[in-house]
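Only a predicted model underlies this, so the values are computations on that prediction, with no experimental measurement involved.
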Amino acid sequence: MAVTRAGLTGAEALGRAGARTAGRAGAAAVRTVGGATTGVTRVGMRAAGSAGRVAVSAARCGAWTAAATPSRAVRAGRALVDLHARRHIRRIWSGHGRAHIEVRGLELGGRTREGLVQGVTSSLRRLSGVQWAEVNAVTGQVLLAFDEGSVSVDRLLDAVRAVEEAHGVHDSDFPWAQPVTPGDDAPVAAVVTELLVDCAAVAAGVAQRFFHLPSLPRAVPAAVAALELERELRRPLVRRIGPVQTDLLLSLLSATVNGLGDGIAMPAVDVVTRMLLLGEIRARRQVWERRERDLCPGPHCVPHSRPARHMRARARPPGPIERWEAQLAPFAPLVAASVFALTGSPRRAGEALLAAVPRAARYGREGFAATVGRELARRGVVPLDPSALRLLDRISAVVIDSAVLANRRQEPKGGLDPLAVPVLAAARSTGARVVLTHNESVPELVSLADQVVGAGERLEDRVRELQNHGEGVLVVSGEDAEALAAADIAIAMHDAPGAQASWSADLVCGDGLSDAWRILRAVTAARTVSARSVQLALAGAALGTLIALVGRRRGIFGALTPVHTATLIALLWGAATARRVTRGPAPGRTPSASSGAPEPTGPQHR
């Protein structure tokens with residue numbers, strides 16, 4: 001009895017603390033929403049038009065996919081069900097007389113790798129219609145130019161398979177860590193699958209309300225919520241079936257559970273999110289199709305060695321979302337237990353746990369990153385690894401190779417690029433530590449940096465030193481592949497005709513420093529978006545918990561209504577902010593219409 005009274009007393013204290021927290025969070029949310037009202041209102045008024053444009057983009061992408069050969073769709077489906085600890089399905093892209101074919105066994109190194117490289121390139125070069133073939137050591141693919149009328153992709157693949165079998169690596173798998181090719185079909189198939197399930201979940205929610213069907217027990221959504229709160233619970237699943245399949249499986253599970261248990265609100269928000277992701281993927285595919293030949297116009301541009309990759313000695317610094325999740329994870333079960341102790345209702349306790357899931361924070365960042373990725377791709381930036389855009393709010397050090405600040409287009413022997421100072425100003429506005437390499441041609445910029453890398457020091461070593469001190473490092477460079485490979489976010493300048501692109505980069509710019517200027521502005525905005533999304537998520541969670549605690553009936557305004565509302569606002573706010581910081585001319589530039597892109601021919605999976 002004493003234990004019960006003590007538990008109730010503690011629960012009441014937690015309830016009062018939750019009320020105070022809700023009050024403060026509500027006030028913070030009011031201030032946040034008040035400051036964001038103008039932007040969100042504009043987004044709301046343009047929602048139909050924006051959704052229509054994204055829908056048209058997605059429809060075109062879907063139409064292209066439907067028009068492709070049935071075998072392509074089958075191969076994309078096989079890639080989605082590649083449920084293994086290591087990837088079994090080979091990634092292949094081809095189009096406009098070019099192909100990138102993944103080769104098994106290249107990661108083994110030593111004589112095996114040397115024999116594979118020599119065998120694959122020699123075998124392909126002997127084929128009639130193949131102009132040249134070189135193995136890209138960074139991507140693990142053989143890159144070749146060929147006459148599509150003389151030799152087919154299937155014939156090229158047969159030649160690669162024969163060499164793999166001759167070297168005994170035909171059963172080798174591929175690492176999941178290798179970024180997905182920008183023109184890959186699998187991301188489209190994954191997002192379309194999630195979108196279809198979300199639409200089905202909305203339909204199920206409508207049918208459930210219309211026919212007054214029973215909903216799922218609260219224990220089922222609560223179990224899914226536990227997977228969302230505790231990321232460590234996912235690790236066994238990731239090790240067993242791979243990271244891409246884990247995310248897809250949990251997305252489908254969450255959509256199904258939300259539709260059958262919580263109605264249409266969360267699946268409807270998910271539909272908007274998937275549309276934003278489809279827009280990002282389509283823009284990424286288009287810019288890849290448009291610029292692939294520019295990145296590597298000939299065999300001399302293919303890297304034959306791969307920069308060494310090392311594990312970080314210390315984890316990246318947490319962003320606003322990671323810090324809040326770390327505080328929330330142990331507290332959420334205690335709040336749910338307190339609600340159960342005070343009300344005796346498992347349903348209300350489950351609602352309190354569901355309200356604690358930081359969906360608004362995550363969706364705000366995702367909406368921001370997806371829109372930034374789409375807008376940058378439309379401007380010609382090739383996102384070789386779009387996951388880097390999800391790390392923008394965790395950057396605490398910006399390292400710039402001063403060689404990119406020189407005016408290479410007009411004054412190769414010296415002089416500043418007109419955007420050099422704006423780029424450094426944008427770097428400083430992020431609040432991160434700014435590190436600049438020593439360069440005699442731009443001595444006047446040294447005063448704008450917090451640190452200077454000496455003339456005899458390798459940039460890669462300084463990047464790793466910063467990481468060893470717990471910094472999240474963004475690197476802007478033109479040719480330093482080692483420093484780009486070491487960075488958490490790597491931005492490569494590739495605006496010189498015939499120059500070798502750095503395949504170690506995450507983002508490859510094509511418009512000089514104006515692209516870097518926009519990305520650095522996005523770093524600053526990403527922190528604001530994440531912080532405000534956390535405030536919205538906190539307000540939604542606190543208000544939802546209070547409704548679960550004191551609400552007397554389940555209606556349209558249930559315990560999760562504040563959570564869904566906060567999530568939608570965060571998503572729209574993130575997308576609107578991304579559009580604002582990535583559009584418009586750079587300082588000293590005049591607005592120019594974005595160039596169109598040809599329809600992609602897409603990759604293949606074998």
Side-chain angles (χ1 to χ4, degrees), residues 24-44 46 273 276 280 316-328 358-376 386-398 422-434 471-474 488-489 491 507 515-541 565-584 586-587:
R24 290 193 295 269
V30 169
R31 290 193 298 272
T32 298
V33 177
T37 298
T38 303
V40 174
T41 302
R42 293 197 197 102
V43 174
R46 295 196 300 254
T273 307
L276 289 175
E280 178 192 16
R316 297 186 187 95
I321 297 174
E322 285 72 27
R323 285 194 294 269
W324 186 52
E325 286 182 341
Q327 298 171 358
L328 176 68
R359 290 192 179 95
R362 297 172 184 170
Y363 279 54
R365 177 161 63 187
E366 189 64 21
F368 177 83
T371 306
V372 166
R374 185 187 69 203
E375 296 297 329
L376 290 177
S387 65
L389 296 172
R390 278 69 182 172
L391 301 175
L392 291 174
D393 60 346
R394 301 177 66 179
I395 293 301
S396 58
V398 175
V423 164
L424 283 175
R428 295 195 66 85
S429 69
T430 64
R433 184 196 310 257
V434 178
E471 305 279 9
V473 184
L474 180 148
D488 297 289
I489 300 180
I491 303 172
L507 305 170
D515 290 334
W517 176 78
R518 286 185 173 83
I519 295 171
L520 290 172
R521 280 178 34 126
V523 171
T524 303
R527 293 179 178 177
T528 302
V529 168
S530 293
R532 290 185 175 179
S533 297
V534 165
Q535 290 178 346
L536 286 167
L538 178 60
T565 303
T567 302
L568 181 60
I569 293 174
L571 181 66
L572 294 176
W573 174 256
T577 304
R579 285 167 57 91
R580 175 174 55 81
V581 300
T582 53
R583 291 193 171 188

Measuring from atom [atom1] of [X] to atom [atom2] of [Y], what distance do you get when rounded to the nearest 0.5 angstrom?
X      : Y      : atom1 : atom2 : result
Thr524 : Ile519 : OG1   : CD1   : 12.5 Å
Arg323 : Ile321 : CZ    : CD1   : 10.0 Å
Thr371 : Arg580 : OG1   : CZ    : 12.5 Å
Asp393 : Thr430 : CG    : OG1   : 12.5 Å
Leu507 : Leu389 : CG    : CG    : 5.5 Å
Trp324 : Ser533 : CH2   : OG    : 10.5 Å

Between [X] and [Y], what is the shortest heavy-atom contact and its length?
X      : Y      : result
Gly540 : Ala566 : CA-CB, 4.4 Å
Arg394 : Pro318 : NE-CA, 4.1 Å
Ala578 : Val372 : CB-CG2, 3.5 Å
Leu571 : Gly367 : CD1-CA, 3.7 Å
Ala426 : Trp517 : CB-CD1, 3.8 Å
Ala432 : Ala397 : CB-N, 3.6 Å

Problem - Given Leu391, Val398, Val523, the one that forms side-chain contact (heavy atoms from CB on, under 4.5 Å) with Ile489 - result: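 So, applying the side-chain contact (heavy atoms from CB on, under 4.5 Å) to Ile489 and each of Leu391, Val398, Val523, only Leu391 qualifies.
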Exercise for the section: Would you please test Leu520 and Leu474 for side chain to side chain contact (heavy atoms under 4.5 Å, CB included) and show each step? Expected result: CA-CA 9 Å; Leu520 290 172; Leu474 180 148; 4.1 Å; yes
Problem - Worked check of salt bridge (charged side-chain N to carboxylate O under 4.0 Å, His left out) between Asp488 and Arg316 - result: CA-CA 8 Å; Asp488 297 289; Arg316 297 186 187 95; 2.9 Å; yes
Problem - With Ala541 via side chain to side chain contact (heavy atoms under 4.5 Å, CB included) - residues at least two apart - result: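 Ala541 satisfies side chain to side chain contact (heavy atoms under 4.5 Å, CB included) with no other residue.
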Exercise for the section: Tell me, please, which residues at least two apart from Ala370 pass side chain to side chain contact (heavy atoms under 4.5 Å, CB included). Expected result: Leu276, Leu277, Glu280, Arg390
Practice task
Check whether any side-chain heavy atom of Phe368 lies under 4.5 Å from a side-chain heavy atom of Leu392, and answer yes or no.
Solution key: yes
Problem - Side-chain heavy atoms of Ile491 within contact of Asp515, under 4.5 Å - result: no
Practice task
Provide the full list of salt bridge (Lys or Arg N to Asp or Glu O under 4.0 Å) pairs with a residue in residues 422-433, sequence neighbours left out, each pair given once.
Solution key: Arg428-Asp450, Arg433-Glu471
Exercise for the section: Give a yes or no answer on whether the side chain of Arg521 reaches the backbone of Val581 with a donor-acceptor pair at less than 3.5 Å. Expected result: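 A pair under 3.5 Å: yes.
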Exercise for the section: Indicate yes or no for a side-chain donor-acceptor contact from Arg518 to the backbone of Thr582 under 3.5 Å, with no hydrogens or angles considered. Expected result: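 Yes; judged by distance alone, with no hydrogens or angles, the pair exists.
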